[in-house]
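Notes follow once the structure below has been shown.
Basis for what follows: all heavy atoms, side chains included, without hydrogens, waters or symmetry-related copies. Chain A is the first sequence line, chain B the second, and so forth, proteins listed ahead of strands; every chain is numbered from 1.
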Amino acid sequence: MSESDTSRHFITDIIDEHAASGRFDGRVHTRFPPEPNGYLHIGHAKSICLNFSLAERYGGLCNLRFDDTNPAKEEQEYIDAITEDVRWLGFDWGERLYFASDYFDQLYDMAVELIRIGRAYVDELSPEQIREYRGSLTEPGRDSPYRQRPVEENLALFEKMRAGGFKPGEAVLRAKIDMAQGNINMRDPVMYRVLDAAHPRTGDKWKIYPMYDFAHGQSDSIEGITHSICTLEYEDHRPLYDWYLHTLEIYHPQQIEFARLNLSHTVLSKRKLIRLVAEGAVAGWDDPRMPTLAGMRRRGYPPAAIREFCEAVGVGKVKGVVALHKLEYHIRQELNRTANRVMAVLNPLKVVISNYPEDQVEYMEAVNNPEDASAGTRQTPFSRVIYIERDDFMEAPPRKFFRLAPGREVRLRYAYFITCEEVIKDEDGEIVELRCRYDPATRGGAAPDGRRVKATLHWVSAAHALPAEARLYDTLFTEENPESDSDADFTAFINPDSLRVLDPIYLEPSLSGAQPGERYQFERLAYFVVDADSSAEKLVFNRSVTLRDQWRKLQKRAAKPRKSRKKRRPSVKES
RNA sequence: AGCGAGGUAGCUCAAUUGGCAGAGCAGGUGCCUUUGGAGCACAAGGUUAAAGGUUCGAGUCCUUUCCUCGCUGCCA
């Protein structure tokens, strides 16, 4: 059992079969083929991890190839962002950065070849007519009147298309397959169309551009790809993928389809993500609430955690929605191992330790990461006036609230035991300050007499506190599946409280000089990352994910009407 | 309706290819600590969509039924 269960799946089965039968001579060569028309998101991460890790596992290679066959939608900005994101995720394509547009000349020659052998023709039907002639899901299509043109005429017309002799929509090159097939992709699919846009890489060299179906398989073939892995919606395209390669009589990779990743509480379609950006629901593609890799990077998610998550989700052919909890579990798992601990107070409550000398400052030794001894320790200042978390005090504590309350003793982490003696309120009755006394014998947090306390609080010395800004993120949508309601637009479920800004929060001074991208655990609260908006004057922190919160669970349960504790009896009829 | 794919625990996936249906997460219960918002342990969770068939034996093979999803761009 050296291999974990999640690392084997139906695709490794297929690869093993190929290895056994000798197809591809035991080679494994995959590719990740993004279209540069948007930013990569967590769904792409699954595909990236799959393709690269499969190659690595079998000692093969994985290419990065841009599917840039539609200049009307594609931009250099996206090419740059995508390469950065794949690299950030932790994968290396070596020298093998390719573009479908690298193959435009070869693709053109292949099209000419299909015309020569009578398997392609130039169609001058209008787009509307082509749709009409295509038939429907239940009715067969009809042959285009241009279908039987002689080879020479097709050759001349296709050359005319290339030379700019047709405007967009006036002519297309079509494969001659079968207008009666149940699979609509086989009803004489368009191979080339006339497009009027400048291409980010080939400029205005071409007036005609190949369709995805006519470019993808041959690109795979040219690169010697063995396993061309794509998502389920391409299942219907596999017969066409195979037809082009077979008819062209060129090297023939195997297309394999798997179920794309869906995540709860978000949307993962490019169209919808573009709307979120365009309509201002988020601040941009890298807004920390976005499921994009750029957003997750800014949110402080470690790439290793995303890789672990993709591995844990597994790969299958069943569509489903993975709970956001699962992603967060892996984020915490990784951050727990790697993030340094630090004390920060988000909602400050002033505490005066009345018996502590006015001008005294002590430096307390604090552990940076209990999970990693090599992270070392630091000194953090303690003095007479400190801030604690407002939530850590209750005047009338309910059962199971173990933190500070009138007359109660708790520990200040790495410092002293304190006992609350007085609650000071303003005219409105709001608590503005606590008076406590400390026990000098408990320095460091342990009582020599062995007496115990039930809670340990984090704190920050008021005189040394570093004010900062915290951005607390919650799910972008209130619904598990914002797309499930066919009546309401998904934007109706945008969470109005997905971003809460706290300013100021107070940090222990060791955080001064923290750099963007650095990740910390604010003890007892959550993991945070330094945002790029930080300046020398003020640090800005994004909350990546909270710690697991059993207290909140208890509260939620207490708030809910009490459910029957009885176990369900399956034998009892409920209808 | 046509073509294609799929239905195993709340969720995501396993089940050595026909041999006692398992794991992670979530949820539950408990333990413990200088994070009582870290950590750990335990238990629970199933008529494998349904029916029939083959077989000593079926999640797996066969038949039928039901349900879900994708496909009618000159998008990818």
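Secondary structure note: stems in RNA chain B built from 3 or more consecutive Watson-Crick or G-U wobble pairs under 3.5 Å occupy B:2-7 with B:66-71, B:10-13 with B:22-25, B:28-31 with B:39-42, B:49-53 with B:61-65.
Residues passing the side-chain hydrogen bond (donor to acceptor under 3.5 Å, both in side chains) test with A/Glu308: none are found, sequence neighbours excluded. By the ring pair (Phe, Tyr, Trp, His ring centres under 6.0 Å) test, A/Tyr192 pairs with A/Phe158, A/Phe214, sequence neighbours left out. Take A/His18 and apply the ring pair (Phe, Tyr, Trp, His ring centres under 6.0 Å) test, not counting sequence neighbours, and it matches A/Phe24, A/His227. Here A/Pro127 pairs with nothing under the side chain to side chain contact (heavy atoms under 4.5 Å, CB included) rule; sequence neighbours left out. Checked against ring pair (Phe, Tyr, Trp, His ring centres under 6.0 Å), A/Phe99 has the following partners two or more places apart in sequence or in another chain: A/Phe66. Under the rule for a ring pair (Phe, Tyr, Trp, His ring centres under 6.0 Å), the partners of A/Tyr438 that lie at least two apart in sequence or sit in another chain are A/Tyr356, A/Tyr416.
The cationic group of A/Lys207 does not satisfy the cation-pi geometry with A/Phe166, failing either the under 6.0 Å distance to the six-membered ring centre or the 45° limit from the ring axis. The cationic atom of A/Arg332 (NZ for Lys, CZ for Arg) does not lie both less than 6.0 Å from the six-membered ring centre of A/Tyr527 and within 45° of the ring axis.
Closest approach to the A/Lys317 side chain among B/rC74, B/rG6, B/rA76 is made by B/rG6 (side chain taken as heavy atoms from C-beta onward). Proximity note for A/Asp13 (side chain, C-beta onward) versus B/rU17, B/rC75, B/rC3: the nearest is B/rU17. Comparing B/rC75, B/rC3, B/rA38 by their closest approach to the side chain of A/Asp236 singles out B/rC3. Which of B/rG36, B/rG73, B/rG39 sits closest to the side chain of A/Arg548 comes down to B/rG39. The A/Val318 side chain lies nearest to B/rG6 when the options are B/rG6, B/rA38, B/rA76. Distances from the side chain of A/Arg193 to the nucleotides B/rA76, B/rU72, B/rU35 place B/rA76 closest. Out of B/rU72, B/rA1, B/rA76, the shortest distance to the side chain of A/Thr138 is found at B/rA1. For A/Lys73, whose side chain is taken as the heavy atoms from C-beta onward, the closest listed nucleotide among B/rG37, B/rC71, B/rC75 is B/rC75.
Within the 4.0 angstrom heavy-atom criterion, base atoms lie near A/Leu137. Here A/Val322 lies in heavy-atom contact (under 4.0 Å) with sugar-phosphate atoms only. Within 4.0 Å (heavy atoms only), A/Arg411 reaches at least one base atom of the nucleic acid. In this structure, A/Val453 reaches neither bases nor backbone, as no heavy-atom distance under 4.0 Å exists between it and the strands shown. Residue-level contact check: A/Gly169 touches the bases, meaning some heavy atom is under 4.0 Å from a base atom. Within the 4.0 angstrom heavy-atom criterion, no nucleotide atom of any strand lies near A/Met186.
The glycosidic torsion of B/rU35 lies more than 90° away from 0, which places this base in the anti conformation. Applying the 90° criterion around 0 to the glycosidic angle, B/rG73 comes out syn.
Remark on RNA chain B: of its neighbouring residues A/Lys46 and A/Tyr212, the 5'-side contact belongs to A/Lys46, judged by nearest-heavy-atom nucleotide.
Here the separation of B/rC13 from B/rU54, taken at their C1' atoms, is 30 Å to the nearest Å. When the P atom is used for both B/rG6 and B/rA58, the distance is 24 Å, rounded to whole Å. Taking atom C1' in both B/rA44 and B/rG37, the straight-line distance is 25 Å, to the nearest Å.
Using a 4.0 Å cut-off between charged side-chain N and carboxylate O, A/Arg65 and A/Asp102 make no salt bridge. One finds no salt bridge joining A/Glu35 and A/Lys73 here, because no Lys/Arg side-chain nitrogen approaches an Asp/Glu carboxylate oxygen to under 4.0 Å. Checked for salt-bridge contact, A/Asp392 and A/Arg524 meet the test: a charged N lies under 4.0 Å from a carboxylate O. Under the 4.0 Å criterion applied to side-chain N and carboxylate O atoms, A/Arg260 and A/Glu233 are assigned as salt-bridge partners. Checked for salt-bridge contact, A/Glu362 and A/Arg443 meet the test: a charged N lies under 4.0 Å from a carboxylate O. Between A/Asp439 and A/Arg451 a salt bridge is recorded (basic side-chain N to carboxylate O distance below 4.0 Å).
Residues from residues 519-528 of chain A lying near RNA chain B, meaning a heavy-atom separation below 4.0 Å, are A/Gln521, A/Glu523, A/Arg524, A/Leu525 in numerical order. For residues 324-340 of chain A, proximity to RNA chain B is found at A/Lys326, A/Tyr329, A/Asn336, defined as any non-hydrogen atom under 4.0 angstrom from a strand atom.
One atom, CD of A/Glu233, and another, C1' of B/rC75, lie 12 Å apart when rounded to the nearest Å. Taking atom CD of residue A/Glu17 and atom P of nucleotide B/rU16, one finds them 14 Å apart after rounding to whole Å.
Listed by first and then second residue, the salt bridge (charged side-chain N to carboxylate O under 4.0 Å, His left out) pairs that reach into residues 127-139 of chain A come to none, sequence neighbours excluded. Legend: salt bridge (charged side-chain N to carboxylate O under 4.0 Å, His left out) pairs involving residues 177-195 of chain A, not counting sequence neighbours, sorted by first then second residue: A/Arg147-A/Asp188.
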Enumerate the protein-to-nucleotides 45-48 of chain B contacts in which both atoms are nitrogen or oxygen and the separation is below 3.5 Å.
none

